[in-house]
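One structure is given below, encoded as structure tokens.
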Number of protein chains: 2
Amino acid sequence: MPEQCNQAMLALRDSIEIWGGKWKLMILLYLTIKVNEKNYFMEMARGIPGISGKMLSKELKDLEMNQLVKRIVHDTKPVTVEYSITEYGKSFVPIAEQLLKWGLSHRKVVKEK
Amino acid sequence: MPEQCNQAMLALRDSIEIWGGKWKLMILLYLTIKVNEKNYFMEMARGIPGISGKMLSKELKDLEMNQLVKRIVHDTKPVTVEYSITEYGKSFVPIAEQLLKWGLSHRKVVKEK
DNA sequence: CTGGATCCCTATGGATACTG
DNA sequence: CAGTATCCATAGGGATCCAG
């Protein structure tokens with residue numbers, strides 16, 4: 001294998017490590033749909049079916065580390081925390097849409113056999 | 001959340017379940033690059049850095065189940081098995097390319113901070 | 001050569017309870 | 001409300017050996 005292919009494989013793995021797993025794409029979708037609303041932690045947990053608080057917390061932290069999600073703490077009492085997608089995070093939205101389309105059509109393909 | 005959003009989230013998860021994990025995209029890339037060659041098991045294992053035989057075997061089986069990879073057994077002795085990407089599998093290649101590009105550029109973004 | 005079987009360790013992720 | 005800490009069950013994945 002030429003060296004360039006290794007680079008390509010590693011880049012692919014980077015993407016999958018960031019967006020892989022059960023929840024990250026769903027969170028991205030949620031924040032994309034609700035981009036004009038205030039997205040508070042509890043409401044997000046309710047809006048993403050099946051996610052636990054622990055997971056939501058962890059995943060949001062990961063996404064924040066990668067500068068894909070922004071976290072804003074409001075000094076209310078009790079505190080509320082608002083999440084939103086960053087401009088950079090939006091750069092992945094077209095790809096997520098492709099994945100979404102592919103996933104939808106794949107259901108049909110598998111069902112047809 | 002409207003019902004339609006749940007469908008979208010599930011479709012996203014379908015995609016990530018099929019292509020997620022450490023190896024599937026790398027296998028797809030391998031078979032895409034070497035689409036004009038005979039791809040035997042051992043050679044693939046050598047060409048995908050770090051993969052174990054067990055994992056390659058399992059991942060290929062998963063991909064075959066989803067009709068993304070074709071498996072051809074040659075009646076030589078000892079037997080050799082040839083793998084290739086299906087036409088349907090190729091439908092994901094453009095998305096993989098997007099993921100690849102995104103992964104490459106993400107390295108720079110993270111490095112810059 | 002192909003790839004399944006086994007063993008084993010670690011990462012993932014759920015439930016619950018608790019703190020600021 | 002927004003998380004953290006703890007406990008625990010299961011899945012992911014590596015190493016090695018073995019059979020067709």
Side-chain angles (χ1 to χ4, degrees), chain A residues 9-10 12-28 30-31 34 37-66 68-85, chain B residues 9-10 12-28 30-31 34 37-66 68-85:
Chain A
M9 284 185 176
L10 293 177
L12 273 175
R13 188 179 291 173
D14 284 350
S15 288
I16 216 63
E17 271 176 7
I18 289 171
W19 295 108
K22 220 166 164 180
W23 303 113
K24 300 238 176 61
L25 284 177
M26 289 170 75
I27 292 171
L28 178 77
Y30 183 98
L31 291 175
K34 304 221 167 185
E37 302 174 37
K38 305 277 186 191
N39 297 296
Y40 301 110
F41 189 88
M42 265 287 104
E43 209 193 316
M44 289 184 69
R46 278 190 295 269
I48 301 174
I51 200 168
S52 67
K54 172 183 160 185
M55 274 301 110
L56 182 55
S57 167
K58 179 182 156 296
E59 302 288 63
L60 283 169
K61 205 181 288 176
D62 290 350
L63 291 170
E64 194 192 352
M65 268 180 40
N66 281 300
L68 299 162
V69 158
K70 193 166 59 180
R71 183 174 182 274
I72 303 170
V73 180
H74 292 290
D75 200 9
T76 53
K77 52 177 176 174
V79 300
T80 53
V81 183
E82 184 190 339
Y83 292 93
S84 59
I85 188 169
Chain B
M9 285 185 176
L10 293 178
L12 273 176
R13 187 179 291 173
D14 282 350
S15 288
I16 216 63
E17 270 176 8
I18 289 170
W19 295 109
K22 221 166 164 179
W23 304 113
K24 300 237 176 61
L25 284 177
M26 290 171 75
I27 292 171
L28 178 76
Y30 183 97
L31 291 176
K34 305 222 168 186
E37 301 175 37
K38 305 277 185 189
N39 297 296
Y40 301 110
F41 189 88
M42 263 286 101
E43 210 193 314
M44 290 183 69
R46 277 189 296 267
I48 300 174
I51 200 168
S52 67
K54 171 183 159 185
M55 274 301 111
L56 182 55
S57 167
K58 178 182 156 296
E59 302 289 64
L60 284 169
K61 203 183 289 175
D62 289 351
L63 291 170
E64 194 193 352
M65 267 181 41
N66 281 300
L68 299 161
V69 158
K70 193 167 57 179
R71 182 174 183 273
I72 303 169
V73 180
H74 292 289
D75 200 10
T76 53
K77 52 177 177 176
V79 299
T80 53
V81 183
E82 185 191 338
Y83 292 93
S84 58
I85 188 170

| message | With side-chain contact (heavy atoms from CB on, under 4.5 Å) as the test, pick out the partner of A:K24 among A:I18, A:L60, A:V69, A:D62. | response | A:D62
| task | State the NZ-CD1 distance between A:K58 and A:I51, to the nearest 0.5 angstrom. | result | 9.5 Å
| query | Which nucleotide in the list C:dG14, D:dG14, C:dG4 gets nearest to the side chain of B:S57? | reply | C:dG4
| Within less than 4.0 Å of OP1 or OP2 of D:dG3, is there a side-chain N or O belonging to A:Y83? | yes
| query | Quick one: OH on A:Y40 to OG1 on A:T80, what's the gap to the nearest 0.5 Å? | reply | 5.0 Å
| Distance in angstrom units between B:K58 NZ and C:dT6 P, rounded | 18 Å
| request: Would you kindly give the NZ-to-P distance between A:K22 and C:dA11, to the nearest whole Å? | output: 19 Å
| request: Figure out the CG/C1' separation between A:L56 and D:dC1, and round it to whole Å. | output: 13 Å
| query | How close or far is atom C1' of C:dT6 from atom NZ of B:K54, stated in whole angstroms? | reply | 9 Å
| query | How long is the line joining CD1 of A:I51 and C1' of C:dT12, in whole Å? | reply | 13 Å
| Between C1' of D:dC1 and CZ of A:R46, the distance in whole Å | 10 Å
| query | What distance do A:Y30 atom OH and A:L56 atom CG have between them, rounded to the nearest 0.5 Å? | reply | 9.5 Å
| request: Taking only the side-chain nitrogens and oxygens of B:S52, find out if one of them lies under 4.0 Å from OP1 or OP2 of D:dG13. | output: no
| field | Side-chain heavy-atom pair A:I85, A:L63 within 4.5 angstrom cut-off | value | no
| Among C:dT2, D:dA2, C:dG4, which is the nearest nucleotide to the side chain of B:T80? | C:dT2
| Separation of atom CG in B:D75 from atom P in C:dC1, rounded to whole Å | 17 Å
| task | Using atom CD of A:E59 as one end and atom C1' of C:dT12 as the other, report the distance to the nearest whole Å. | result | 10 Å
| 5′-ward residue of the pair B:V79/B:G50 relative to DNA chain D | B:G50
| Which nucleotide in D:dC1, C:dG14, D:dA2 has an atom nearest any side-chain atom of A:P78 | D:dC1
| query | Of the nucleotides C:dA15, D:dG13, D:dA2, which one has an atom closest to the side chain of B:M55? | reply | D:dG13
